[in-house]
Amino acid sequence: QVQLVESGGGLVQAGGSLSLSCAVSGRTFTNSPMGWFRQTPGKEREFVAGISWSGASTYYADSVKGRFTISRDNAKNTVYLQMNSLKPEDTAVYYCAAHWAPYTSFSTRDWPDLKRYDYWGQGTQVTVSS
């Protein structure tokens with residue numbers, strides 16, 4: 001059974017940093033696109049960042065560009081999200097997600113499309129205080 005497990009969330013002051021991890025078990029996603037999304041109560045889940053199966057390409061929402069960095073360690077079957085210069089509006093539950101098919105290349109339109117992702121983690125809470 002495939003499992004994506006996020007960790008690293010918590011409470012941080014504005015301007016601070018957090019590093020999230022997403023560990024995958026049950027199958028390998030070393031050759032599949034993966035992404036991070038976030039959601040606040042009453043709002044739709046929104047795209048944050050994505051990384052290609054090779055790790056060579058990354059894509060970010062405008063709201064986090066220059067502050068967040070996505071990376072992956074295929075040997076550990078893990079994807080990371082380094083979040084710097086955090087703002088109160090970054091407060092949300094953060095989810096990692098994976099596309100099932102290996103060697104898939106996402107277009108610009110694909111990255112923020114929730115339907116392009118087949119597996120989701122349970123989420124980790126990030127709270128940024130002002």
Side-chain angles (χ1 to χ4, degrees):
Q1 183 176 351
V2 176
Q3 279 193 314
L4 281 67
V5 180
E6 302 95 339
S7 62
L11 173 65
V12 65
Q13 287 189 330
S17 299
L18 280 176
S19 181
L20 305 183
S21 299
C22 173
V24 183
S25 62
R27 62 156 281 189
T28 180
F29 284 96
T30 58
N31 296 321
S32 299
M34 295 191 68
W36 284 95
F37 290 75
R38 65 188 182 187
Q39 189 171 24
T40 55
K43 293 188 177 181
E44 293 186 354
R45 193 167 296 187
E46 66 172 3
F47 173 78
V48 175
I51 188 165
S52 64
W53 62 267
S54 67
S57 298
T58 55
Y59 189 71
Y60 297 93
D62 288 342
S63 59
V64 306
K65 203 172 293 184
R67 300 187 298 122
F68 291 11
T69 302
I70 188 172
S71 61
R72 66 191 299 164
D73 184 339
N74 285 340
K76 296 181 178 180
N77 220 16
T78 300
V79 175
Y80 305 95
L81 184 68
Q82 177 64 40
M83 305 185 295
N84 298 328
S85 302
L86 283 161
K87 304 175 181 180
E89 51 263 44
D90 294 319
T91 296
V93 177
Y94 283 71
Y95 300 88
C96 70
H99 179 75
W100 77 273
Y103 303 111
T104 300
S105 294
F106 272 10
S107 70
T108 300
R109 288 189 305 174
D110 289 329
W111 288 112
D113 185 353
L114 277 72
K115 296 187 296 294
R116 296 290 282 150
Y117 299 85
D118 304 285
Y119 298 99
W120 293 83
Q122 83 290 346
T124 185
Q125 176 71 45
V126 171
T127 303
V128 184
S129 63
S130 58

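Formation of a donor-acceptor pair under 3.5 Å by the Thr91 side chain with backbone atoms of Val128 is found in this model. In this structure, Glu6 contributes its side chain and Leu20 its backbone to no donor-acceptor pair below 3.5 Å.
Taking CD1 from Ile51 and OG from Ser32, the interatomic distance works out to 12.5 Å, rounded to the nearest 0.5 Å. Between the OG atom in Ser17 and the CE atom in Met83 there is a gap of 8.5 Å [rounded to 0.5 Å]. Rounded to the nearest 0.5 Å, atoms CE (Met34) and OG (Ser71) are 11.5 Å apart. To the nearest 0.5 Å, the span separating OH on Tyr95 from CG on Leu4 amounts to 13.0 Å.
Annotation: salt bridge (charged side-chain N to carboxylate O under 4.0 Å, His left out) contacts of Arg72 (sequence neighbours excluded): none. Residues satisfying the salt bridge (charged side-chain N to carboxylate O under 4.0 Å, His left out) test with Lys115, not counting sequence neighbours, are Asp113. In terms of the ring pair (Phe, Tyr, Trp, His ring centres under 6.0 Å) criterion, residue partners of Phe47 (sequence neighbours excluded) are, by chain and number, Phe37, Tyr59. For Glu46, the salt bridge (charged side-chain N to carboxylate O under 4.0 Å, His left out) partners are Arg38, not counting sequence neighbours. The ring pair (Phe, Tyr, Trp, His ring centres under 6.0 Å) check on Phe106 picks up His99, Trp111, Tyr117, with sequence neighbours excluded.
When hydrophobic residues (I, L, V, M, F, W, Y) are linked wherever their side-chain heavy atoms come within less than 4.5 Å, the members clustered with Tyr103 are Trp53.
The hydrophobic clustering, which links ILVMFWY residues whose side-chain heavy atoms are closer than 4.5 Å, places Val93 and Trp120 together. At a threshold of 4.5 Å between side-chain heavy atoms, the hydrophobic network of Ile, Leu, Val, Met, Phe, Trp and Tyr places Tyr119 and Val24 in one connected group. Transitive grouping of hydrophobic side chains (ILVMFWY, heavy atoms separated by less than 4.5 Å) keeps Leu18 and Leu11 in distinct clusters. Follow the hydrophobic side-chain contacts under 4.5 Å out from Val64 and you never reach Leu114; the two are in separate clusters. Placement of Tyr60 and Tyr94 within a single hydrophobic cluster is found when ILVMFWY residues are connected by side-chain heavy-atom separations under 4.5 Å, directly or transitively.
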Worked verdict on Lys87 versus Asp90 for salt bridge (charged side-chain N to carboxylate O under 4.0 Å, His left out): CA-CA 5 Å; Lys87 304 175 181 180; Asp90 294 319; over 6 Å; no
